[in-house]
Protein chains: 2
Amino acid sequence: MLKSEPAYSKTALAPSIPPFAVSVEGLTAFEKEIVAVFVDLVLLLGLPKSVGEIYGLLFASAEPLSFVEVEGKLGLSKGSVSQGLRTLRDLGAVREVGNEDLGQNDPEGAAEPGRARPESTPLVKERGARWVAAVELRKLIGSLLRERLTPYLERQDQRVVAAGAALDQLLTESKSKHLGLLAGRLEKLQTWQSRTRTVLPVIGKLL
Amino acid sequence: MLKSEPAYSKTALAPSIPPFAVSVEGLTAFEKEIVAVFVDLVLLLGLPKSVGEIYGLLFASAEPLSFVEVEGKLGLSKGSVSQGLRTLRDLGAVREVGNEDLGQNDPEGAAEPGRARPESTPLVKERGARWVAAVELRKLIGSLLRERLTPYLERQDQRVVAAGAALDQLLTESKSKHLGLLAGRLEKLQTWQSRTRTVLPVIGKLL
DNA sequence: TCTTCAGTTCAAAATGAATTGAAATCAACG
DNA sequence: CGTTGATTTCAATTCATTTTGAACTGAAGA
């Protein structure tokens with residue numbers, strides 16, 4: 001459901017201030033910095049900027065935020081918020097929590113739609129879900145990396161094999177000469193690849 | 001320029017990475033696979049596809065290739081080849097070699113009208129440079145990674161510091177309450193960041 | 001049932017990096 | 001020097017992707 005690709009973006013809505021110009025009017029300095037941190041991280045990993053903005057905002061928020069709050073604070077369109085939240089949920093980076101009582105934070109478990117409704121009590125009557133950042137960065141980064149790296153490694157494997165076959169073909173046709181050199185290079189590719197395979201999990205542990 | 005003459009249109013509907021590139025007609029199966037390997041690598045690292053194509057072609061070639069050969073074989077524009085070779089040279093991924101001793105003629109021999117190098121004039125008439133892939137993959141990947149990661153890490157450092165300052169600000173204004181939670185998160189960010197710093201060099205060694 | 005509003009979908013618009021192409025530059029050679 | 005061909009430069013274009021926004025869905029609630 002996700003793909004990749006390097007990309008840069010810029011938020012609309014603030015055409016007047018060229019360089020930094022973010023739509024984020026309503027963010028505190030703290031929130032802005034944290035958002036920037038995650039925007040960069042996410043761009044580095046090839047996800048859309050808006051995804052980083054949303055995660056950063058939730059990470060910087062002590063209480064869960066609603067869809068509408070995210071939309072408003074970041075000045076993103078509904079579409080972007082919807083897709084961004086879904087992406088993040090699928091990655092395990094963000095969690096939906098019941099909206100029962102906003103007084104608390106750090107909720108856990110039980111988020112079923114059929115929650116108690118204190119009748120006639122004032123306060124919240126919003127029905128929308130609320131979102132919190134899942135803060136285990138390790139897992140977050142892990143799943144992001146895995147999501148891109150796994151398909152990548154598979155493709156590369158196939159290609160190296162195919163290249164080997166093609167080279168064998170050339171060898172039997174044996175106009176050989178420089179072919180030994182090419183064989184050597186291909187071998188380098190292979191060893192590098194298998195090394196990657198063994199090293200990556202270790203890295204996962206280390207981080 | 002002008003207009004029309006699109007000649008080739010790409011499949012705009014295919015969302016994933018299409019394995020077939022329009023340009024590569026004159027490549028052997030071996031070359032195609034190797035090129036694909038490096039195109040993917042390079043895209044993963046956020047560099048332009050053409051850079052991967054060029055490096056892949058050189059990696060798959062037993063002899064050095066000239067600018068024009070690269071251009072022709074890959075069907076890239078001069079501009080792309082120029083920029084790509086420069087990028088690769090700056091990365092240390094590719095090296096310019098003198099064209100004095102070509103040892104042999106063109107690998108394909110089809111397009112080029114004979115080497116026509118009579119003995120008496122030992123020195124080439126071609127003056128263009130020729131290019132080889134620097135095959136130490138370790139260094140290649142290393143410099144690619146370093147090139148993106150270093151500025152990234154610097155920026156992130158600054159931001160985390162700024163976020164800390166902003167949070168302190170909030171703390172002294174002390175509308176505190178949830179702020180402890182935020183402080184905890186910020187700390188997580190800091191530790192994760194320093195861990196990254198220490199782990200990355202290790203990774204560099206391992207690969 | 002009707003209304004409202006949170007959330008989704010998807011076609012169209014906006015964006016910005018990669019690529020092109022043509023003119024400018026440069027280097028060797030005659 | 002002047003020509004020729006190789007390489008660079010850079011504005012214009014293309015292309016892939018993200019973002020938007022309006023129409024839609026569906027559940028609460030009156």
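Chain identifiers are assigned alphabetically (A, B, ...) following the order of the sequence lines, protein sequences preceding nucleic acid strands; residue numbering begins at 1 within each chain. Worth knowing before you read on, the calculation uses all heavy atoms, side chains too, and leaves out hydrogens, waters and symmetry mates.
Each side chain to side chain donor-acceptor pair (under 3.5 Å) pair with one or both residues in residues 181-195 of chain B, not counting sequence neighbours, appears once here: B:Asp157-B:Gln193.
In this structure A:Val39 satisfies the side-chain contact (heavy atoms from CB on, under 4.5 Å) test together with A:Val35, A:Leu43, A:Lys49, A:Glu53, sequence neighbours excluded. Every side-chain contact (heavy atoms from CB on, under 4.5 Å) that B:Val37 has, sequence neighbours left out, goes to A:Gln156, A:Arg159, A:Val160, A:Leu189. For B:Arg155, the salt bridge (charged side-chain N to carboxylate O under 4.0 Å, His left out) partners two or more places apart in sequence, or in a different chain, are A:Asp40. When the side-chain contact (heavy atoms from CB on, under 4.5 Å) test is applied to A:Ala166, the partners found at least two apart in sequence or on another chain are B:Ala29, B:Phe30. B:Thr150 meets the side-chain contact (heavy atoms from CB on, under 4.5 Å) test with B:Arg146, B:Glu154; sequence neighbours excluded. Listed by chain and residue number, nothing satisfies the salt bridge (charged side-chain N to carboxylate O under 4.0 Å, His left out) test with A:Glu71 (two or more places apart in sequence, or in another chain).
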Give me, pair by pair, the N or O atoms of the protein and of nucleotides 8-10 of chain C that are less than 3.5 Å apart, along with how far apart they are.
{"residue": "C:dT8", "atom": "OP2", "partner": "A:Ser82", "partner atom": "OG", "Å": "2.6"}
{"residue": "C:dT8", "atom": "O5'", "partner": "A:Ser82", "partner atom": "OG", "Å": "3.4"}
{"residue": "C:dT9", "atom": "OP2", "partner": "A:Arg86", "partner atom": "NH2", "Å": "3.0"}

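In terms of phosphate contacts, B:Ser50 brings no side-chain nitrogen or oxygen within less than 4.0 Å of OP1 or OP2 of C:dA18. Phosphate contact (OP1/OP2 of C:dT19, side-chain N/O of B:Ser77, threshold under 4.0 Å): absent.
Direction of the helix axis in the helix from C:dT1-D:dA30 to C:dG30-D:dC1 shifts by 10° between the two five-pair termini, rounded to 10°.
The interatomic distance linking A:Trp131 (CH2) with C:dA6 (P) rounds to 15 Å, in whole Å.
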